Amino acid sequence: IAQKVADALQAKLTPMESPQLATFMSHDAAANDLFLRAEYFASRGSTNQTMGPVRQAIPLYRQALAADPNFALARAKLSNAESALVWFGSGENDARQLVADAKTLAEQAVAQQPDLVEAHLALGYSAYWGRGDYAAALKAFNAALTLRPNDAGALASKAFVLRRQGRFDTAIDALKRATALDPRNVVIATVLGLTYQDVERHAEATQYFRQALDLDPEDGQATSLLSLNVLNSTGDVARALAAATGDQPQVQLWRVTLLTYQRDYRQGLALLANVPDTPDFFSYQTGPKALQLATLYRLMGDSARARDFYGQALVQSRARLAGLVGPPIKQAFVWNHIAAAEAGLGQTDAALKAIVRSQAIASASGDHAYAPAVALSNAQVYAQAGRMDPAVTLLAETLAMPGIGEFYSPVLLWLDPAWDPVRNDPRFKALLKQYAKDRPVATATQPASGSITARKGKR
């Protein structure tokens, strides 16, 4: 069929291009049907970055392979789904086995069909999402691009890794090419906006978040990121809240953070109560729901209820750490959650040790996209524990990190209750002076002690 189309267009296909244009579907109709059903769920999970649909896709891919063991494309997509479950999940569903299985499946798909672009992409994601091996991931993604230089998915995949390496400008170039090739791809548009946000180019970030929302108005991630971009660029919490529309759980969690900046803790608690307590919404990045509840109760001055939830969060975070696999940055986040819970329980020495552990893992991870978020959260726990010097020192270092724009901006120094314990410290006042141009027009007038951090899953 590909050759007939080329003939009709009077185009000439090279010996390499002909098989690339040919379909890699199965000759078995039942296998194809199962595969397409799996693709539907996998696509939903990828767009929304929620793992429920991905978990539905995995058994369908496996059934497709059972119907046709030679179905290399199904094998590659199964590998990709398992790697996604490892990266976006928090240790559930026997993640150690998933890491090994995803790598094996990808290698088998490459061996079966070396010219299958999706097989090389699966191999890359097994390295990236499964192990945090950026060099191996780039090698696989480059192999995919050698086969198909203008493949939008391969270009975007390479850009995702470049972001992790802190090569934001190069990632932006690759993502711009990818979105030009696939302008209806919500994920690519969103991550391009996110990468502009990394380097604090807010106008460009807004452009691509709006493009993503034009394509899918119900995209919770793009909605939250657009709202965050409003906040980081203006410090206008009311405008950011107005932009955070929709009932998606990730949008609701972001609204809780915005309400915290407004110091409306009671409404934040009411909103948080409605978010289902599952790993999809309270992941290794955000921490347990109990931790966020504890923080809000502490900010309200209800120390007894806060202590109860801190105890639950500590147990849950330690259990999560025991089952966590994948890139080391995930451990850095969870050690931070352990530190926050221990600080909330008054176990200061243990909290300080956990911060050191978290920071060491983040610094050694090579992940320049998430390391600033970990450092910021560790600075907040130092402040929570009353350790002024390391809190302000680490905060100053974090604000200077490339990539911090994805999570935070200097405008929040005036708004975030995390810094209330250090507001009278001369070094913090010096930071306010340093970033005086970023001061919001209006700031909260009723400071309180505490912090809360909400994060979203990214590629």
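Predicted, not measured: the structure shown is a model, and the values here were computed from it.
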Minimum heavy-atom separation for Asn232 to Gly405, with atom names?
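So the two residues come closest at ND2-O, 3.2 Å.
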So Asp280 and Arg55, salt bridge (charged side-chain N to carboxylate O under 4.0 Å, His left out) or not? Walk me through it.
CA-CA 11 Å; Asp280 280 345; Arg55 294 186 191 97; 3.5 Å; yes
Between Tyr208 and Tyr196, what is the ring plane arrangement, given parallel below 30°, perpendicular above 60°, and tilted in between?
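Correct class here is parallel.
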Between the side chain of [X] and the main-chain N/O of [Y], is any donor-acceptor distance below 3.5 Å?
{"X": "Asn142", "Y": "Leu138", "value": "yes"}
{"X": "Ser227", "Y": "Thr223", "value": "no"}
{"X": "Arg320", "Y": "Ser283", "value": "yes"}
{"X": "Lys330", "Y": "Val86", "value": "yes"}

Could you check whether Gln211 and Thr179, counting side-chain N and O atoms only, form a donor-acceptor pair closer than 3.5 Å?
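Side-chain D/A pair, Thr179 to Gln211: present.
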Straight-line distance of Leu291 CG to Leu314 CG, nearest 0.5 Å
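It is 10.0 Å, given to the nearest 0.5 Å.
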Determine, using ring centers only, whether Phe333 and Tyr370 are less than 6.0 Å apart.
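Between Phe333 and Tyr370, which both carry aromatic rings, the centre distance is below 6.0 Å.
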Pairs flagged by ring-ring contact (aromatic ring centres under 6.0 Å, His included) wherever residues 302-325 is involved - sequence neighbours left out
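Sorted result for residues 302-325: Tyr297-Phe309.
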Dump the intermediate steps for side chain to side chain contact (heavy atoms under 4.5 Å, CB included) on Leu145 and Leu155, then the final yes or no.
CA-CA 7 Å; Leu145 285 167; Leu155 280 166; 3.8 Å; yes
My understanding is that only one of Leu259, Leu293, Thr295 makes a side chain to side chain contact (heavy atoms under 4.5 Å, CB included) with Leu272; could you say which?
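When Leu259, Leu293, Thr295 are each tested with Leu272, the side chain to side chain contact (heavy atoms under 4.5 Å, CB included) holds only for Leu293.
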Do Glu204 and Lys176 sit within salt-bridge range, that is, some charged N less than 4.0 Å from a carboxylate O?
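No salt bridge links Glu204 with Lys176.
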Considering residues at least two apart in sequence or located in another chain, which fulfil the salt bridge (charged side-chain N to carboxylate O under 4.0 Å, His left out) criterion with Lys77?
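For Lys77, the residues satisfying salt bridge (charged side-chain N to carboxylate O under 4.0 Å, His left out) (neighbours in sequence not counted) are Glu39.
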